[in-house]
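Read through the structure below, which is laid out as structure tokens, and then see the notes.
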Protein chains: 2
Amino acid sequence: MTYLPDQLQKTPGFELITCFAFLHPISEEIATFISGKSTYLSVKKGKFIRSTLDTKEKLYFIIRGCVRGFIKDEGQEITTWINGENHVVGSIRSLGLDQETEEHLQVIEDSLLIEIERQAIDEMYERFPEANIIGRKILERYYRDAEERAFLSRLPSAERRYRRFTRTRPELVGRIPMKYVASYLSMTLETLCRIRAKALQNPPL
Amino acid sequence: MTYLPDQLQKTPGFELITCFAFLHPISEEIATFISGKSTYLSVKKGKFIRSTLDTKEKLYFIIRGCVRGFIKDEGQEITTWINGENHVVGSIRSLGLDQETEEHLQVIEDSLLIEIERQAIDEMYERFPEANIIGRKILERYYRDAEERAFLSRLPSAERRYRRFTRTRPELVGRIPMKYVASYLSMTLETLCRIRAKALQNPPL
DNA sequence: TTAAATTATTGACATATATCAATAACTTTT
DNA sequence: AAAAGTTATTGATATATGTCAATAATTTAA
């Protein structure tokens, strides 16, 4: 934050610009571009982002709050990720696994977001080649996170998945409604309850 | 391939360079750099790559063959991905979820690979900023793939996971030993057998 | 080409986790 | 502050999938 020009501190989207600046020094032109494309969005707990009416893909930077992504499969919701402050969510990349499996976003805490159109990001990559350095670094991080999610959910026992979750995502423990955690960990709410009850008996060394 | 300078066709690592060139026009300097850092590696089926002796992180481009990644957890191997031709595997990014969960690579078909040190890729990003465009695009793709893996493994029924696998990875069906498929789909070999037997009865419309 | 080893299939049984249901603890709304 | 609506907990039972075991089919090695 300290090495951002002062005037940026009050410019729209400065939180996102600051986040980028941690990855790579950011030119004033890029900062101005991002600022011009950023919109603040205050979303109440429980609301879904990205109305079905709007076909444009969007990215969201979480300033405050928490968002989950889920996919509907045969009627039931499967939570595929949960993220909090300083994360980028949404169309990180044309995630579109395919048409049937469209991802939905739900805010699970009152949240303040910055919204940017996917198209604006692509334009940024075109106009400012250095922006690709930032994009690449962010994607490296998100790739690793996605790998972790893929690994976590392959652990064969519910209890191990829960333990791994508490170990790798301590910032979410106690913050997220259990039903979402259960969905994220591929187990029912009841199973998660029982595992937690058991964990309280055998105190975590 | 057509728009690659002719002399590249015979240069070490040209398969990887060609792959990159599909994403973004590649300068002769970058091509030469990659070429200089590429080593061919022929690996027999069943062998593990990345000996434990060698601490350097490496990337591998699969020219021919197939490789799986797995993590050992409480004694058992969990296959987290399986990839064939034209994929990059290995330290796409310091995947290191953490020390305990180190990823292992095993070749599951006689394979021809190009090996590059992670460090060389980082150097490439430094010296040739345009390379970040390629890196970003590759990571976008790999992020999407990792999302798919994370989703697949969260499907609550073994049969649905198998169906999704056959639908999204048709190129692997019938090619990969069932035991690896089973591990990738988070089920036992026996369960996979039974699901396949059942699938044969109810012919796939 | 046979022998040895690995991988796949099928069956019987065990078990972790899902499902269904009733209540309790919270949260939000009025 | 009470009412209404969620979300969490706990119990009883069902079921999908794991485990163990015996063979069959393939693949690899001799």
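Note: hydrogens, waters and symmetry copies are ignored here, and every other heavy atom, side chains too, is used. Each chain gets a letter, A, B and so on, in the order its sequence line appears, and its residues count up from 1.
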**Item:** Phosphate contact (dT9(C) OP1 or OP2) by R196(B) side-chain N/O below 4.0 Å
**Value:**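 Indeed, a polar side-chain atom of R196(B) lies that close.
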**Request:** Return no unless some side-chain N or O of T188(B) is found under 4.0 Å from OP1 or OP2 of dG18(D).
**Result:** yes
**Asked** Do other residues, nucleotides or ligands put more than 12 heavy atoms under 6.0 Å from Q119(A) CD?
**Response**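 No, the 6.0 Å shell around CD holds no more than 12 heavy atoms from other groups.
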Would you mind reading off the distance between [X] atom [atom1] and [N] atom [atom2], rounded to a whole angstrom?
{"X": "L192(A)", "N": "dT10(D)", "atom1": "CG", "atom2": "P", "answer": "12 Å"}
{"X": "E109(B)", "N": "dT28(D)", "atom1": "CD", "atom2": "P", "answer": "11 Å"}
{"X": "M187(B)", "N": "dT9(C)", "atom1": "CE", "atom2": "P", "answer": "13 Å"}
{"X": "L200(B)", "N": "dT10(C)", "atom1": "CG", "atom2": "C1'", "answer": "14 Å"}
{"X": "L185(B)", "N": "dG18(D)", "atom1": "CG", "atom2": "C1'", "answer": "16 Å"}
{"X": "K198(B)", "N": "dT17(D)", "atom1": "NZ", "atom2": "C1'", "answer": "12 Å"}
{"X": "Y162(A)", "N": "dA8(D)", "atom1": "OH", "atom2": "C1'", "answer": "13 Å"}
{"X": "I195(A)", "N": "dA8(D)", "atom1": "CD1", "atom2": "C1'", "answer": "15 Å"}

**Prompt:** M124(A) and A131(A): which non-hydrogen atoms are nearest, and at how many Å?
**Reply:**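 For M124(A) versus A131(A), the nearest heavy atoms are CG-CB, 3.7 Å.
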**side-chain contact (heavy atoms from CB on, under 4.5 Å) partner of Y184(A), chosen from L172(A), T80(A), L152(A)** =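 With Y184(A) as partner, L172(A), T80(A), L152(A) yield a single side-chain contact (heavy atoms from CB on, under 4.5 Å), made by L152(A).
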**Prompt:** Between K179(B) and E190(B), which has a closest nucleotide on DNA chain C that is more 5'?
**Reply:**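 Closest to the 5' end, via its nearest nucleotide, is K179(B).
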**Request:** Using heavy atoms to find the nearest nucleotide of DNA chain C for R194(B) and Y180(B) separately, return the residue whose nucleotide is more 5′.
**Result:** Y180(B)
Side chain of [X], heavy atoms from C-beta onward: which of [options] has the nearest atom to it?
{"X": "C193(B)", "options": "dT9(C), dT10(D), dT17(D)", "answer": "dT9(C)"}
{"X": "T191(A)", "options": "dT17(C), dA8(C), dA12(C)", "answer": "dT17(C)"}
{"X": "M178(B)", "options": "dT19(C), dT9(C), dG18(D)", "answer": "dT9(C)"}
{"X": "L189(A)", "options": "dA8(D), dT17(C), dG11(D)", "answer": "dA8(D)"}

**Request:** Check every strand shown and say whether K45(A) touches a base, only sugar-phosphate, or nothing at a heavy-atom separation below 4.0 Å.
**Result:** sugar-phosphate
**Prompt:** NE2/H87(B) to CD1/I63(B) distance, rounded to the nearest 0.5 angstrom?
**Reply:**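 That separation rounds to 14.5 Å.
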**Item:** Minimum side-chain heavy-atom gap I71(B)-T79(B) below 4.5 Å
**Value:**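 Counting from C-beta outward, I71(B) and T79(B) never come under 4.5 Å.
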**Prompt:** Is any side-chain N or O of R160(B) under 3.5 Å from a base N or O of dT17(D), one able to act as donor and the other as acceptor?
**Reply:** no
